[in-house]
**Q** 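Take this structure first; my questions come after.
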Amino acid sequence: MPKTSSEKQPLNSGAYDPVSLETEVSERWNTEKTFKKSIEQRRNSKPFTFLEGPPTANGKPGIHHVLSRLYKDMVCRWKTMEGHLVERKGGWDTHGLPVEIEVQKQLNLMSNEEIEAYGMEAFNQKCKESVWTYEEAWREMSERMAFWVDMDNPYVTLHDEYIESAWWSLKQMHDKGLLFRGHKVLPYCPQTGTSYSTHEVSLGYKEVAEPAVYVKFQLVDDNASVLAWTTTPWTLPGNVGLAVGPDVVYCRIRITEPPAGSWEGRGGAKVDDELILAKDLLPEVMRHKMEIIEEFSGSDLVGKAYHPLFPGAIDRGDSETAWTIVGADFVTTTDGTGIVHTAVMYGEDDYSLGMEVGFPAQHTVGMDGKFIQGTHDELDGQYVKDCDSKIIDLLSNDSQLYREHIYTHDYPHCWRTDHPLLYYAMDSWFVRMTAVKDKIIEYNSQVEWAPEWTGTGRVGEWLRNIKDWAISRERYWGTPIPVWICEECGHDHCIGSIEEMISLKTESSPTPKELHRPYVDDVKLHCTQKECNGKMVREPYVMDCWFDSGCAFFAQWHYPFENEDKFKGSFPVDYICEAVDQTRGWFYSLLAVSTTVFDSICYNRCLSLGHVLDNEGKKMSKSKGNVVNPWDHFNKEGSDAIRWYMTTQSAPWNPMNFDPNGVRETYAKMFLTLWNVHRFHADYALLDGFTPSDKSNFIPVEQRSPLDRWILSRIATVAQDYHNQFVSWEFHKAGRDLENFVINDLSNWYVRRSRRRLWDEADSNDKRACQHTLHEVLCTVSKLMAPVSPFMSDRIHYDLTGISVHMTDWPMGSDLVEKDLPPQDLELEKQMAIVRNLTETGRRIRVDSKRRQRLPCQSGWIVGGPDLSDFHAIIAEELNVENLETEDDLDRFQQIELFPEHKVLGKKYRAELPNVLAELNKIDSETLLSQIDSGTANLGGYEITMEDVSIRRVEKEGYAASTFAADDIGDISLVLDMSLSDSLISKGLAREITRRIQSKRKDLDLELEATISLNVWLSEDSPKLSSQDWEYVKFETRASNAELFYSESNNASDNFEVEGKEISFTLKLNN
RNA sequence: GGGCCCGUAGCUUAGCCUGGUUGGAGCACCCGGCUGAUAACCGGGAGGCCACCGGUUCAAAUCCGGUCGGGCCCA
């Protein structure tokens, strides 16, 4: 009896149930601590460092997370097998606006006021809890999909240690003079007191009809007014300048007559008033009759001063450009007047222009959305959007309004309160990225990007237009900005550690419970300026959460306070991998922090993944109902199948159209097939007591059959290609090749051709050679697929060897582990390719000639090609041919055809090519060849030489034959003899009967070894079955006693027809 | 509005860098074959304005320019 120890031989495997197989393997990993061991095994080896981009656990994991975790896992497993120490620390991103929004929804807190009324401490406590809402779901998904990462000791951005490291890095920037305070213009809702990200803004666009005004700005030292247009009258008190396009054509016009029709709304102009505006926009803007006095370009207007609309609303300060005209490239003549009203604090373009030319940067509007005291008597303290009409009145009364009208456009609104958002310059802290532009571009160019264009194109483009990084947020839940400002002298100080904060804090300040608001807000520091005795108060901001995650590479180790060795040993990181939307997110923030703090590259390789779309290429969204739940597939086809599908479906960086049917297909083809190959091997190995480790039974490769040596060579070749494609990030091609190998080479050819070898009940060298071969091939296949689909590969490898595949070495070897592949024989591979081509060709001939496959042909001839005598038995059997011969006289069955070589002829004849081809088309191949041979091939004046044509041999007409081209070998034909004889008919009949009985045995679920009793009735006029063929039937169907009748049956259980003659049989299982 | 990527059969895709014979597969469909071979396999068929328009060229799925559609990032 065979032994049952799994260490010695395969277990009987049973039907493939992905869910239970994967669950069992997963449990074994847990019991045997395989993940930990796979790392510990390489403890003293060269590290390959991976950095996990931290997900946020306050959202449910989706199918796109499966994709990124797959590629992270795949590379880490692969590098582990190559012999590296690959530690994978988990991480959680826990701060930021999305968390706050979630909690605000939960608690129905719609504004900052309400949050503060609720209490910041309690609010932040809720945020902290909310962050872990889906942690369990993330863990379950990660485990189910076999993403190996240490989730028991993750880095967490809300931990004091992490925050302290982030503080330290900000201090480095501060000390290098890279940190400064400025403004950032953001969409802002005064009702909720919050500014919005573009993402949130896009939730609330609404079409609105609002007053828009054409305003006259009276020039100083000139009787003309400049006409500007705005859709936000509330920004007019904040006006400090006007912008013109330097190359735009403007004109000065004089009003000659009042308007012809009735005038709508307020405003107007008197005859002889002079106005200046863009010439192209005259018809749109003007309602009066007028004449053009003068034309000039915008640059002629630059420098002219005008009178402020609301004198005293803004203090000129030391600005020399306030209330003058300046040039700006963004000015166009698509709408308005070609002259742009600029209020520095209420528009992004306005702000950057104001900074550039030195306009005063002062607010006329408070954070509450109301005009500040001192703006204007009639406006002070009122909500700006309520003042549109009043402002228009004021302008109209002063004759500063030309015209008003209603303007309809899409404008962002607060998705919570439905109020229009104001573009508002918020106080903000910045990192001066513009100062390190050259460096960061240089570091980026050192990264190995996959695909390359992400680095050169996407990231490169972004870096060339780099802007200073606004790192502060007026929020509650986040890493507090560690900057304190002295109330007395205004000096700012950046804290770099808890210790430093404690040493500077005033005696009355409490020691914060943790490094979050509101606790750190209560800490006051002694001013660090020598002469100053003031108290320093913390800036009330938190950091952009991208800054948090951008610190991951050192903050995960609490560097520089701890783990110096761990940090130094893992920096720069070898590999990171996230979806392409991280280009301006994490990919950038890591690079930004490493450049500014460490003056170094941050990661050596970055794989940027495409997005997962639905099967129509549309974005997945809840509202469209096209979101794929990974568990639907985990629970059906298994995570191996989903991982393999995702890998092979498209290049990692391409957007993936996720097709649930594709997962099904992968399951049915790759996994069922591989599993059945494994089961086939395991069944016979168990039956025969095959022990791969028993050296006395070993058959050296060179003594095995050509078929064995072929499949071994194939797996060596495939492994080589597979590895090369891994190296060049083309995992999709690698996977497709391996799948092709498993299905076509291994299952459809090697196993199919080897079935009978294993049926042999007696022990034989050939059988053992086959078993060793299967064992070796399956081991190598499991190793290659282990990084992609870690469950089945491990199950197979473990069944075969008792060792987890994830503890083994990469078969291709590396600079750390030995190569372990069978010998290659490319000549043999070529020959087998031809053999398989011949058998397919044979089937084609039979279809064309309407000759059933089971009816043998007496003779077949192979014409041309290499010596295939090793394989004649196989070919004859596949073709069902009695005698297979090689025909050396090529002309017997083949004729010559010449094909023009377009590439050669094109170079030679250029534009004449069509004529040459027409000439070649006229002449027959034999004649042309003889002319070329005699050196006189001249067609219509064109000389044709041997280089201009290729010779192909095709089968002669009238034969049951077909020709195919083999690489480097030329054309090979197969010819089949279609004649019939009694003997052939008898053999064909035997095959038909056998096939039917076998099918019946299978229907009855008979054991393979079971013997049967058999009666067969052929009709009286049926062709006779020879006694030899009858023996064949009995042998094949394991009929220990059998009888053949030529008569009508009276009690047959089954019958069928062959060529119109009825055949029937009965079959009984022997006891 | 700017940048980057994608568009090939009903679906998923190869080929494009480096132009050259008839654009190659798989799924699904139809016909046939084969099977102690598995949701498998083999042969054949049908199914392609290679998104569209223009250019370069003897020759374009391939190179160039533009348009449209999809995706992402930034404004």
Side-chain angles (χ1 to χ4, degrees), chain A residues 15-16 198 330 332 334 348-349 451 453-454 456-462 464-465 467 579-585 588 608 610-613 615-619 645 648-651 653-659 661-662 664-669 671-677 679-680 732-733 736 739-740 743-744 747-749 751-752 755-756 759 836 839-848 850-854 878 880 899-917 949-950 952 962 991 994-995 997-1003 1006-1008 1036-1038:
Chain A
Y16 176 46
T198 32
F330 61 77
T332 62
T334 49
E348 176 129 33
D349 281 342
W453 49 258
T454 298
T456 53
R458 231 160 209 276
V459 178
E461 199 56 41
W462 168 253
R464 274 186 288 283
N465 298 311
K467 299 219 171 79
V580 61
D581 55 279
Q582 296 299 324
T583 310
R584 268 82 152 172
Y588 172 67
S608 138
H611 281 110
V612 183
L613 308 174
N615 56 0
E616 287 172 21
K618 295 267 158 63
K619 192 177 172 173
Y645 166 72
T648 51
Q649 197 272 146
S650 67
W653 43 81
N654 278 347
M656 170 161 57
N657 296 357
F658 188 94
D659 183 5
N661 293 327
R664 184 87 203 140
E665 196 182 322
T666 297
Y667 161 80
K669 298 191 71 120
F671 289 91
L672 275 184
T673 307
L674 179 60
W675 185 249
N676 282 305
V677 169
R679 192 168 66 167
F680 170 78
H732 58 306
K733 293 186 180 171
R736 287 169 188 172
E739 182 170 336
N740 195 42
I743 295 169
N744 289 323
S747 175
N748 290 346
W749 192 251
V751 169
R752 185 162 68 83
R755 238 159 232 287
R756 284 184 177 257
W759 290 352
R836 295 177 69 183
T839 65
E840 283 164 22
T841 300
R843 292 196 192 100
R844 195 176 320 134
I845 296 170
R846 281 176 177 273
V847 168
D848 289 348
K850 300 195 175 10
R851 178 100 169 191
R852 297 195 323 275
Q853 182 70 26
R854 279 190 282 262
E878 287 284 328
N880 198 12
F899 288 82
E901 285 283 358
H902 287 69
K903 205 165 186 169
V904 180
L905 285 165
K907 288 221 168 77
K908 200 158 144 190
Y909 290 112
R910 296 271 151 195
E912 302 290 324
L913 185 63
N915 299 336
V916 180
L917 292 177
V949 291
S950 60
R952 291 203 48 198
S962 186
R991 289 275 297 266
T994 306
R995 143 96 183 106
I997 295 166
Q998 300 292 41
S999 173
K1000 185 72 186 175
R1001 284 186 61 122
K1002 202 174 170 186
D1003 286 348
L1006 299 192
E1007 295 291 322
L1008 284 171
E1036 286 292 313
T1037 61
R1038 288 178 162 259

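Small disclaimer: the values here were computed from a predicted structure and weren't measured. Each chain gets a letter, A, B and so on, in the order its sequence line appears, and its residues count up from 1.
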**Q** To the nearest Å, give me how far apart NZ (A:Lys903) and P (B:C58) are.
**A**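 That distance rounds to 17 Å.
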
**Q** When the nearest nucleotide of RNA chain B is assigned to A:Gly585 and to A:Ser950 on a heavy-atom basis, which residue is associated with the more 5' position?
**A**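 Looking at the nearest nucleotide for each, A:Ser950 comes out on the 5' side.
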
**Q** Taking the side chain of A:Gln853 as its heavy atoms from C-beta onward, which of B:G33, B:C6, B:G26 lies nearest to it?
**A**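 The answer is B:G33.
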
**Q** Quickly work out the A:Gln649 CD to B:C11 C1' distance and round it to whole Å.
**A**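 Computing the A:Gln649:CD to B:C11:C1' distance gives 11 Å.
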
**Q** Could you state the CG-P distance from A:Leu905 to B:G19, rounded to the nearest angstrom?
**A**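 Result: 18 Å.
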
**Q** Using the P atoms only, state how far B:C17 lies from B:C5, rounded to an integer number of Å.
**A**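 Here B:C5 and B:C17 have their P atoms 16 Å from each other.
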
**Q** Which whole number of Å gives the distance between the C1' atom of B:C53 and that of B:C68?
**A**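 Here B:C53 and B:C68 have their C1' atoms 10 Å from each other.
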
**Q** If we only count heavy atoms from C-beta on, is the A:Asn744 to A:Trp749 side-chain gap below 4.5 Å?
**A**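 Result no, sub-4.5 Å side-chain heavy-atom pair not found.
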
**Q** Measure all distances between protein nitrogen or oxygen atoms and nitrogen or oxygen atoms of nucleotides 2-4 of chain B, and list the pairs falling under 3.5 Å.
**A**
from : atom 1 : to       : atom 2 : distance (Å)
B:G3 : N2     : A:Arg458 : NH2    : 3.2
B:C4 : O2     : A:Arg458 : NH2    : 3.3

**Q** Over how many whole Å does the gap from A:Phe899 atom CZ to B:G20 atom C1' extend?
**A**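 Value for this atom pair: 15 Å.
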
**Q** Can any side-chain N or O of A:Arg846 pair as donor or acceptor with the backbone N or O of A:Arg852 at less than 3.5 Å?
**A**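 Yes, because the side chain of A:Arg846 sits within donor-acceptor range (under 3.5 Å) of the backbone of A:Arg852.
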
**Q** Kindly give the heavy-atom pair with the smallest separation between A:Ser608 and A:Pro451, and that separation in Å.
**A**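 That would be O-CD, 3.8 Å.
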
**Q** Hey, does A:Gly662 reach any base, or is it just sugar-phosphate, or nothing, if we go heavy atoms under 4.0 Å?
**A**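 Since no nucleic acid heavy atom lies under 4.0 Å of A:Gly662, the category is nothing.
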
**Q** Show your reasoning for whether side chain to side chain contact (heavy atoms under 4.5 Å, CB included) applies to A:Asn676 and A:Arg679.
**A** CA-CA 5 Å; A:Asn676 282 305; A:Arg679 192 168 66 167; 3.0 Å; yes

**Q** Using atom P of each nucleotide, how far apart are B:A61 and B:G20 to the nearest Å?
**A**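 After rounding to an integer number of Å, I get 10 Å for this pair.
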
**Q** Taking only the P atom of each, what is the distance from B:U57 to B:C16 in whole angstrom?
**A**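 Rounded to whole Å, the distance is 24 Å.
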
**Q** Can you give me the closest heavy-atom contact between A:His902 and A:Leu917, atom names plus distance?
**A**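 The answer is NE2-CD1, 3.7 Å.
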
**Q** Can you tell me if A:Lys733 touches the phosphate of B:G15, counting only side-chain N or O atoms and a distance under 4.0 Å to OP1 or OP2?
**A**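 Looking at the OP1 and OP2 atoms of B:G15, one of them is under 4.0 Å from a side-chain N or O of A:Lys733.
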
**Q** Within this structure, what is the CG-to-P distance between A:Asn654 and B:C16, rounded to whole angstrom?
**A**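 About 14 Å, once rounded to whole Å.
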
**Q** Check side chain to side chain contact (heavy atoms under 4.5 Å, CB included) between A:Trp462 and all other residues, then give those that pass, not counting sequence neighbours.
**A**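 Checked A:Trp462 against side chain to side chain contact (heavy atoms under 4.5 Å, CB included); matches are A:Arg584, A:Tyr588.
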
**Q** Counting only side-chain heavy atoms from C-beta out, which of B:C27, B:G20, B:U35 sits nearest to A:His902?
**A**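 Among the listed nucleotides, the one closest to the side chain of A:His902 is B:G20.
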
**Q** Please give, in whole Å, the distance from B:C11 C1' to A:Asp659 CG?
**A**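 Rounded to the whole Å, the gap is 6 Å.
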
**Q** Collect all protein-nucleotide pairs involving nucleotides 39-43 of chain B in which both atoms are nitrogen or oxygen and the distance is under 3.5 Å.
**A**
from  : atom 1 : to       : atom 2 : distance (Å)
B:A39 : N1     : A:Arg664 : NH2    : 2.3
B:A39 : N3     : A:Arg664 : NH2    : 3.2
B:C41 : O3'    : A:Asn748 : ND2    : 3.4
B:C42 : O2'    : A:Arg843 : NH1    : 3.0
B:G43 : OP1    : A:Glu840 : OE1    : 3.2
B:G43 : O3'    : A:Arg844 : NE     : 3.4

**Q** Please work out if A:Arg991 contacts a base, only the sugar-phosphate, or nothing of the nucleic acid, heavy-atom cut-off 4.0 Å.
**A**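 The residue A:Arg991 makes sugar-phosphate contact but no base contact.
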
**Q** So do A:Glu878 and A:Arg843 actually touch side chain to side chain, heavy atoms under 4.5 Å?
**A**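 Yes; the side chains approach each other to less than 4.5 Å.
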
**Q** Report the distance from atom CE of A:Met656 to atom C1' of B:U13, rounded to the nearest whole Å.
**A**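 After rounding, the reported distance stands at 14 Å.
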
**Q** What integer number of Å spans the C1' atoms of B:G48 and B:A25?
**A**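 Nearest-Å result for B:G48 against B:A25 at atom C1': 14 Å.
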
**Q** Suppose you measure atom C1' in B:G54 against the same atom in B:C49; what distance do you get, rounded to whole Å?
**A**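 The same atom, C1', in both gives a distance of 16 Å.
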
**Q** For A:Ile743, give me all partners under side chain to side chain contact (heavy atoms under 4.5 Å, CB included), at least two apart in sequence or on another chain.
**A**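 A:Ile743 satisfies side chain to side chain contact (heavy atoms under 4.5 Å, CB included) with A:Lys669, A:Thr673, A:Glu739, A:Asn748 once adjacent residues are dropped.
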
**Q** Over all heavy atoms of both residues, which pair between A:Pro655 and A:Ser650 is shortest? Give the atoms and the distance, please.
**A**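 The answer is O-OG, 4.1 Å.
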
**Q** Only Watson-Crick and G-U wobble pairs with both distances less than 3.5 Å should count. Give RNA chain B in dot-bracket notation, marking inter-strand partners with |.
**A** (((((((..((((......[...)))).(((((.......))))).....(((((..]....)))))))))))).

**Q** At 4.0 Å (heavy atoms only), tell me whether A:Trp653 reaches a base, stays on the sugar-phosphate, or touches nothing.
**A**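 It contacts nothing in the nucleic acid.
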
**Q** To the nearest 0.5 Å, tell me how far A:Arg991 CZ sits from A:Glu1036 CD.
**A**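 The CD atom of A:Glu1036 is 9.0 Å from CZ of A:Arg991, to the nearest 0.5 Å.
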
**Q** Among the nucleotides B:A14, B:C34, B:U13, which one has an atom lying closest to any side-chain atom of A:His732?
**A**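 Among the listed nucleotides, the one closest to the side chain of A:His732 is B:A14.
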
**Q** Rounded to whole Å, please give me the gap between CZ in A:Arg679 and P in B:U38.
**A**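 For the pair A:Arg679 CZ and B:U38 P, the rounded distance is 8 Å.
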
**Q** Between the side chains of A:Asn661 and A:Arg664, is a donor N or O closer than 3.5 angstrom to an acceptor N or O?
**A**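 There is no such pair between these side chains.
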
**Q** On a heavy-atom basis, which atom in A:Val677 and which in A:Ser747 lie closest, and how many Å separate them?
**A**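 Distance-wise, the nearest heavy atoms are CG2-CB, 3.7 Å.
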
**Q** Kindly assign one of parallel, tilted or perpendicular to the pair A:Tyr645 and A:Phe658, based on the angle between their ring planes and the thresholds 30° and 60°.
**A**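 It falls in the perpendicular class, over 60°.
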
**Q** As a test of reading the structure: which of B:G20, B:C34, B:U13 is closest to the side chain of A:Arg852, going by heavy atoms?
**A**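 Within the option list, the nearest is B:C34.
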
**Q** If you assign each of A:Tyr645 and A:Tyr909 to its closest nucleotide in RNA chain B, which residue comes earlier from the 5' end?
**A**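 Nearest nucleotide further toward 5': that of A:Tyr645.
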
**Q** Mind checking the C1' distance from B:A51 to B:C6? Whole angstroms is fine.
**A**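 B:A51 and B:C6 have their C1' atoms separated by 11 Å.
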
**Q** Looking at the side chain of A:Glu665, which of B:U35, B:C27, B:C72 is the nearest nucleotide?
**A**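 Looking only at heavy atoms from C-beta outward on A:Glu665, the closest nucleotide is B:C27.
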
**Q** Not counting sequence neighbours, which residues clear side chain to side chain contact (heavy atoms under 4.5 Å, CB included) with A:Arg736? List them please.
**A**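 For A:Arg736, the residues satisfying side chain to side chain contact (heavy atoms under 4.5 Å, CB included) (neighbours in sequence not counted) are A:Thr648, A:His732.
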
**Q** Quantified in whole Å, what is the P atom distance between nucleotide B:A28 and nucleotide B:C73?
**A**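 Comparing P positions in B:A28 and B:C73 gives a spacing of 36 Å.
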
